[in-house]
**Q** 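Supplied in structure tokens, the structure appears directly below.
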Amino acid sequence: RPRLVMGITSGIIPAAATTGMLFGYGIRLGGATRVFQAIGSVLLRGSGDSAGSSLAATAVGILLHVAATLACGVAYVAFAGESEDHPIARAIAIGAAASALAFVAVRTLAGSIALVLTPGNLIAIGAVIAITLPIGMRFAPTRL
């Protein structure tokens, strides 16, 4: 339980930072929630034409993104708990893995998400995750 609490706490900072990035990407594309709609529509396989399905896709997209980023925090704590050596290297590895998994998901599922998030955007998200995981770990309530 302490590792889970530490992991969720560590993942909150990257979740906030990357959520802001995705809103920024959406604003650049013409609608603040456009990226989250694309993420949610891939999962829901909806057309996204009606306002209700657009709202549902946005909510699912936000929840999926936050859950994935919190999972990065839990993974970071699980790896960091084994050894205190090289915490930055572990954060970089998790950020790179998250970026690679997102890239594979985008290429596999394609759809509208490939039009919204470019490989450069995914690399930037991975870099921000790598930078913010150790910062989030500093806010964790306990140390292992």
Side-chain angles (χ1 to χ4, degrees), residues 1-82 87-144:
R1 178 161 164 81
R3 284 187 190 215
L4 184 62
V5 170
M6 285 179 60
I8 290 172
T9 304
S10 298
I12 288 173
I13 302 294
T18 55
T19 300
M21 287 177 71
L22 293 178
F23 275 120
Y25 293 152
I27 290 169
R28 184 188 68 204
L29 295 168
T33 60
R34 186 166 181 182
V35 176
F36 295 111
Q37 286 175 350
I39 293 169
S41 67
V42 167
L43 189 64
L44 295 176
R45 304 278 187 214
S47 62
D49 293 335
S50 69
S53 66
S54 175
L55 182 61
T58 301
V60 168
I62 290 172
L63 289 175
L64 183 64
H65 170 70
V66 170
T69 312
L70 291 178
C72 289
V74 171
Y76 179 71
V77 168
F79 291 137
E82 295 173 6
I88 303 299
R90 293 179 197 281
I92 291 170
I94 290 172
S99 189
L101 287 173
F103 180 77
V104 168
V106 166
R107 297 291 290 172
T108 303
L109 301 174
S112 62
I113 190 75
L115 301 173
V116 176
L117 289 176
T118 64
N121 296 140
L122 297 174
I123 291 169
I125 290 170
V128 168
I129 289 172
I131 291 167
T132 56
L133 277 172
I135 295 169
M137 183 71 152
R138 292 300 216 177
F139 290 107
T142 60
R143 298 299 236 171
L144 294 177

**Q** Can you give me the closest heavy-atom contact between Gly26 and Val35, atom names plus distance?
**A** N-CG2, 3.8 Å
**Q** Do Thr69 and Val66 come close enough that some side-chain heavy atom pair is under 4.5 Å?
**A** no
**Q** What are the two closest non-hydrogen atoms of Ala57 and Gln37, and how far apart are they?
**A** CB-O, 3.7 Å
**Q** Nearest 0.5 Å please: distance from the CD1 atom of Ile125 over to the OH atom of Tyr25.
**A** 5.0 Å
**Q** Just to verify, which of Val60, Thr19, Leu63 counts as forming a side-chain contact (heavy atoms from CB on, under 4.5 Å) with Phe36?
**A** Thr19
**Q** Assess whether side chain to side chain contact (heavy atoms under 4.5 Å, CB included) is satisfied between Leu117 and Leu22, documenting all intermediate values.
**A** CA-CA 9 Å; Leu117 289 176; Leu22 293 178; 3.8 Å; yes
**Q** List the atom of Cys72, the atom of Ala98, and the distance in Å for their closest heavy-atom pair.
**A** SG-CB, 3.8 Å
**Q** Using modelled atom types and a 3.5 Å cut-off, is there a donor and acceptor pairing between side-chain atoms of Thr118 and backbone atoms of Asn121?
**A** yes
**Q** What distance separates Leu70 CG from His65 NE2, expressed to the nearest 0.5 Å?
**A** 9.0 Å
**Q** Measure the OH-CD1 distance between Tyr76 and Ile94 for me, rounded to the nearest 0.5 Å.
**A** 7.5 Å
**Q** From Ile88 CD1 over to Leu133 CG, what is the distance, rounded to the nearest 0.5 angstrom?
**A** 9.5 Å
**Q** Is there side-chain contact between Leu4 and Ile8, with at least one heavy-atom pair below 4.5 Å?
**A** yes
**Q** Working to the nearest 0.5 angstrom, can you tell me the gap between Thr58 OG1 and Arg34 CZ?
**A** 12.0 Å
**Q** Give, for atom CD1 of Ile92 and atom CD1 of Ile129, the distance between the pair rounded to the nearest 0.5 Å.
**A** 13.0 Å
**Q** Side chains of Thr33 and Phe23: closer than 4.5 Å at any heavy-atom pair?
**A** yes
